[in-house]
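Proteins get letters first, then strands, A, B, ... in listed order; numbering begins at 1 in each.
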2 protein chains.
Amino acid sequence: MTIQFAILGLLSWQSLSGYDLKKIFADSAVLYWSGNNNQIYKALLQLHEQGLVTQEIQNQEYLPAKKTYTITEKGRTALKAWVRSTPELPEVHNAFLIQLSWADLLTEEELSATLKRYEEEVQVQLLMQKEKARRMGPSSARSPRETYLWEMTLKNIVSVYENELTWVRQVREGLLHLSP
Amino acid sequence: MTIQFAILGLLSWQSLSGYDLKKIFADSAVLYWSGNNNQIYKALLQLHEQGLVTQEIQNQEYLPAKKTYTITEKGRTALKAWVRSTPELPEVHNAFLIQLSWADLLTEEELSATLKRYEEEVQVQLLMQKEKARRMGPSSARSPRETYLWEMTLKNIVSVYENELTWVRQVREGLLHLSP
DNA sequence: ATAAGCATGTAAAGCGTTACATGATTTG
DNA sequence: CAAATCATGTAACGCTTTACATGCTTAT
């Protein structure tokens, strides 16, 4: 259900079409949904039914009619209530930890290869996230406070991967000293 | 599909019933599924169909027959292949970051209250995870290497919450210096 | 007496992903 | 000539959660 509020949040910032939203979801790490059609168009329908957004239809030649969604006052109120509501803890799904739990089945070489690959993948992600954060740069926030909050959400994601990278290096280091 | 391998991993360590598995899932942070009946009993059926586990039925008075599942050689091979396979990156779903993104709608007091509540919740989780890690202590691992790996998976989870705690404190600190 | 533990399973509903479908325009 | 962009939507499938159903035993 949170995807509705994620969309409402984006619309509180500017009016957008489903297609626009789809692209925003696709390259955001904070908005962790895939942003597929099914979810977005359905959520927009529901928001519309609830009166939290209005839609404006622009007919186009050769293309399906574009629907631009705008948040209503009721929508702003609902969004504000959600933002004020009790924060949820992050949910982390780390399948690699499960793999590691049973990695004693592997030879030393296999285990060290797996750990090395994981470190590399985390590092690639970290660089990608840092690049994204850099590109955001001076954005169209509505206030200095909003700029600060957006910076900090990006920093959060970077820090998660940095933490993971530090951890996996520690694991590899520790393994070397385990059975020489 | 990973839940099958999670179960297979647990069975590689000792034979268990669906009910046993359910309890293990319920209080594990690494095994991030809720561990509800539907998932576990279905997964066990599928593992059985694939010949990766065998079941032994113990009839009990006054209680439904208990089915104890044991991993087969084929199951061990499948598990080993999965453990060796390309590691996935962690998936983090942090709804709080989305809330923060639109928190400019709130007054200073409301925002600072939300951040404080989040810090408290993260801290509670951190203590709970540390306590769990402590209680694990000297466990029934099959080798010193497995003991080490299990320790490190627990440390990973603790580090995730520590990282989150450090971050939210930084956010609060930064807000104070933003607009005095 | 009430609740928790043991032990299995089913039903229903929601969430999420991939793929399909259309079809002109622009870019490589 | 192929692929991507624009722009909407549907279908099918699988994952995940909550709740329901049974029923005896043990602890509070």
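Across the protein-nucleic acid pair, Q4(A) atom CD and dC15(C) atom C1' stand 12 Å apart, rounded to whole Å. Taking atom CG of L45(B) as the reference point, atom C1' of dT10(C) lies 12 Å away to the nearest angstrom. Put simply, CD on E91(B) is 14 Å from C1' on dT16(D), counting in whole angstrom units. Computed from coordinates, the I3(B) CD1 to dC15(D) P distance equals 10 Å when rounded to whole Å. Rounded to whole angstrom, the span from the CD1 atom of I7(A) across to the C1' atom of dC15(C) amounts to 14 Å. Between the C1' atom of dT10(C) and the NZ atom of K42(B) lies a distance of 13 Å, rounded to the nearest Å. We find that CD of Q46(A) is positioned 15 Å from C1' of dG9(D), with the value rounded to whole Å. Between the OH atom of Y69(A) and the C1' atom of dA7(D) there is a distance of 11 Å, given to the nearest Å.
No side-chain donor-acceptor contact under 3.5 Å links T70(B) and E56(B).
The side chain of S17(A) approaches dT8(D) more closely than any other nucleotide in the set dT16(D), dG16(C), dT8(D). Of the candidates dA7(C), dC6(D), dT17(C), the closest approach to any side-chain atom of W33(A) belongs to dT17(C). The listed nucleotides are dT17(C), dC15(D), dA7(C); the one nearest the side chain of K66(B) is dA7(C). Of the candidate nucleotides dA12(D), dG9(C), dT17(D), dA12(D) has the atom lying nearest to any side-chain atom of N38(A). Distance from the side chain of Y19(B) is smallest for dA7(C) among the nucleotides dT17(C), dA7(C), dT17(D). Comparing dT17(C), dC6(D), dC20(C) by their nearest atom to the side chain of N36(A) picks out dT17(C).
Contact annotation: Q39(B) does not reach the phosphate of dC15(D) (side-chain N/O to OP1 or OP2, under 4.0 Å). Between K67(B) and the phosphate of dG9(C), there is a side-chain N or O to OP1/OP2 separation shorter than 4.0 Å. Of the side-chain N and O atoms in Y41(B), none sit less than 4.0 angstrom from OP1 or OP2 of dG9(C). Regarding contacts with the backbone of dT17(D), a side-chain N or O of S34(B) is found under 4.0 angstrom from either OP1 or OP2. Close to dT8(D), at under 4.0 Å from its OP1 or OP2, lies no side-chain N or O of K22(A). For Q60(B) and dC6(C), the shortest distance from a side-chain N or O to OP1 or OP2 is not below 4.0 Å.
Proximity of L10(B) to F25(B): side-chain heavy atoms (C-beta onward) are separated by under 4.5 Å at one or more points. Contact of the T153(A) side chain with the I157(A) side chain is not registered, since no non-hydrogen atoms from C-beta on lie closer than 4.5 Å.
Side chain of T72(B) to main chain of L52(B): a donor-acceptor pair is present (N/O by atom type, distance under 3.5 Å, no hydrogens or angles). Counting only distance, with no hydrogens or angles, the side chain of Q39(B) and the backbone of S34(B) share no donor-acceptor pair below 3.5 Å.
The 5' end of DNA chain C is approached more closely, in terms of each residue's nearest nucleotide, by K23(B) than by the other of K23(B) and G35(A).
Classification of the Y118(B)-F96(B) ring pair by plane angle, with boundaries at 30° and 60°, yields parallel.
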